[in-house]
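Here's the structure, in structure tokens; my notes come after.
This structure is a prediction, so every number in the text was calculated from the model and none was measured.
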Amino acid sequence: MPLFDCSNPGDGAPSALAAAIHDASDRCVACGLCLPHCPTYRDSLNENESPRGRISLLAAAARGTLPVTSALSTHIDHCLGCLACEKVCPSHVPYGALLRNGRAWLNQNHPGTWRRRLYRSLIRGVDVPGAMAMAYGVARLIGSLPPGSRAARTGLGSAVHGLPARPRPALADPGDGRAADVALFRGCTADLDRPALNAAIRILRAAGQRVSIPRAQGCCGALAAHAGFADIACRQRLRNNEAFEAAAPALVSVASGCAAELRHDHPRPGAGFPAVYDVHRYLVEKTDLARLALAPLPRTLAVHDPCSLRNALGGERFVYEVLARIPEIRLVELPGNAVCCGAAGDYFLREPARAQALARSKADAAREAGADMVVSANIGCALHLSAALARQGSPIPVHHPLWVVARQLPPARDPC
């Protein structure tokens, strides 16, 4: 079930969203096999905090048999959207699309709080030039406040521990005029994800690929879609459609969350838009990794599997295959990978207590595994895990897998 058809504005109408909710919820047989896989249900043992509970709430609200209240919206907002439930569902309920259609429907049928309206304004401003640099400055300011202050207790105050020393300018297309083999998605986090993007460019070129980075691209739309702001998500996706339509046969992303959004929820699939890959899958399936002359790295790396890679894309094994090309490297799967780390897009900002509890277990697991480094293929997860380790006083760094690979390419220097 698609999230909504951005080419048909009528699909964003309450009646169309309600019909989509009905269609998806009718597939749920309430078997309960999803319950042990849901982080919020495991934490609360509250049926309203489970996948089948949320499906029932949304279905009843969309049918008009249950009033839309703040309590109902809160149960829906508590969902991480990790899709662990969807992966194990025997009835193949499209829970991710149902959740986002449900949030869009709730936005249209429940008066928003001032926080909701403020959040909408912030998401609309993601693509404004300089917006991420401004947000970075705010994060640094909050992180410098006394620990007991109200602002410092928010998820943003905690997440600052994972931010780089300073933002760097976003990458743009070098414009050499040659036909590209692959286009690189930089998204709205390019200023913070610059090391991973630089590493991807260097590795792709070393593997014989010509890389294009269109200037007109922007946010993938995930934040808006997850929050139920369908109109904003559609505008962002349609802009990317225009930016990438003739850029290259393939489109890769170093952030698995962006790859999942672009791949599964693109507004006009098959209309000239390139095939979307997580960058690790593209490297394994479409390039000759034997061309990479990599120096040995006798270190233990704990590999974190982002939910977007594990549950939405189903391609976590490709990260291990790329890293395994490095001689002498020791790879371990971060224990508890089947459970969300708590970053979940903007979840670590909206629900910092629960998000930090989930990340704490990951940090403990990394330390117990004797990891010299943790790697994660999603920028939000990497920042969240880095903050969790910093709160414990751990020196274990968190990096993107490609950053590690690029450092082992000749010459032996940091390419990022």
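Geometrically, Arg281 does not engage Phe318 in a cation-pi contact, judged by NZ or CZ lying under 6.0 Å from the ring centre and within 45° of the ring axis.
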Side chain to side chain contact (heavy atoms under 4.5 Å, CB included) assessment of Phe185 paired with Asn240 = CA-CA 9 Å; Phe185 184 76; Asn240 284 323; 3.9 Å; yes
Chi angles and distances behind the side chain to side chain contact (heavy atoms under 4.5 Å, CB included) call for Ile201, Ile213 | CA-CA 10 Å; Ile201 292 171; Ile213 312 172; 3.5 Å; yes
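Cys82 SG to Leu358 CG: the interatomic distance, rounded to the nearest 0.5 Å, is 9.0 Å. The structure places CG of Leu331 at 9.0 Å from OG1 of Thr300, a figure rounded to the nearest 0.5 Å. The line from CG of Leu283 to CG of Asp288 is 11.0 Å long, rounded to the nearest 0.5 Å. Between atom CG of residue Leu17 and atom CG of residue Asn101 there is a gap of 5.5 Å, rounded to the nearest 0.5 Å. For the atom pair SG (Cys341) and OH (Tyr347), the distance works out to 12.0 Å, reported to the nearest 0.5 Å. Atom CG of Leu251 is separated from atom CD of Glu245 by 12.5 Å, given to the nearest 0.5 angstrom.
For Asp77, the side-chain hydrogen bond (donor to acceptor under 3.5 Å, both in side chains) test picks out no residue, with sequence neighbours left out. The side-chain hydrogen bond (donor to acceptor under 3.5 Å, both in side chains) check on Asn46 picks up nothing, with sequence neighbours excluded. For the side-chain contact (heavy atoms from CB on, under 4.5 Å) test, residues two or more places apart in sequence or in another chain that qualify with Glu368 are Asp364. With sequence neighbours left out, the salt bridge (Lys or Arg N to Asp or Glu O under 4.0 Å) criterion links Arg103 to no other residue. The salt bridge (Lys or Arg N to Asp or Glu O under 4.0 Å) search around Arg317 returns Glu321, not counting sequence neighbours. Contacts of Gln209 classified as side-chain contact (heavy atoms from CB on, under 4.5 Å), with partners at least two apart in sequence or in another chain: Asp181, Val182, Leu204, Tyr282, Thr287. Legend: residues meeting side-chain contact (heavy atoms from CB on, under 4.5 Å) with Ala216, ordered by chain and number and at least two apart, are Ala243. The salt bridge (Lys or Arg N to Asp or Glu O under 4.0 Å) search around Arg350 returns Asp346, not counting sequence neighbours. With sequence neighbours left out, His400 forms a ring-ring contact (aromatic ring centres under 6.0 Å, His included) with His280. By the salt bridge (Lys or Arg N to Asp or Glu O under 4.0 Å) test, Asp372 is found to be paired with no residue, residues two or more places apart in sequence or in another chain being considered.
With a 6.0 Å radius and a threshold of 12 heavy atoms from other residues, nucleotides or ligands, Lys87 has its NZ atom above the threshold.
Of all non-hydrogen atoms in Arg27 and His92, the two that sit nearest each other are NH1-O, 3.8 Å. Listed here is the closest heavy atom pair of Leu294 and Val405: CD2-O, 3.7 Å. Nearest heavy-atom pair, Pro335 versus Ala365, reported as atom, atom and distance to 0.1 Å: O-CB, 3.8 Å. Scanning both residues, Leu184 and Ala200, for their nearest heavy atoms gives CD1-CB, 4.4 Å. Contact record, Ala371 with Ala302: CB-CB, 3.7 Å, taken as the closest heavy-atom pair.
In this structure the side chain of Arg120 reaches within 4.5 angstrom of the side chain of Ile232, judged on heavy atoms. No side-chain heavy atom of His384 sits less than 4.5 Å from a side-chain heavy atom of Lys362. Looking at Val252 and Asp278, their side chains never come closer than 4.5 Å, going by heavy atoms from C-beta outward.
Taking a cutoff of 4.0 Å between a charged side-chain nitrogen and a carboxylate oxygen, Glu242 and Arg237 do not qualify as a salt bridge.
For the residue pair Gln392 and Arg367, a side-chain donor N or O sits within less than 3.5 Å of a side-chain acceptor on the partner.
Between His399 and Trp403, the ring-plane angle classifies as parallel under the 30° and 60° cut-offs.
Residue pairs meeting the salt bridge (Lys or Arg N to Asp or Glu O under 4.0 Å) criterion with at least one partner in residues 292-310, sequence neighbours excluded, are Asp305-Arg310, Arg310-Glu333.
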Which donor-acceptor pairs under 3.5 Å do side chains of residues 30-40 form with protein atoms, sequence neighbours excluded?
{"unit_1": "Thr40", "atom_1": "OG1", "unit_2": "Glu49", "atom_2": "O", "d": "2.7"}
{"unit_1": "Thr40", "atom_1": "OG1", "unit_2": "Arg54", "atom_2": "NH1", "d": "3.2"}
{"unit_1": "Thr40", "atom_1": "OG1", "unit_2": "Arg54", "atom_2": "NH2", "d": "3.2"}

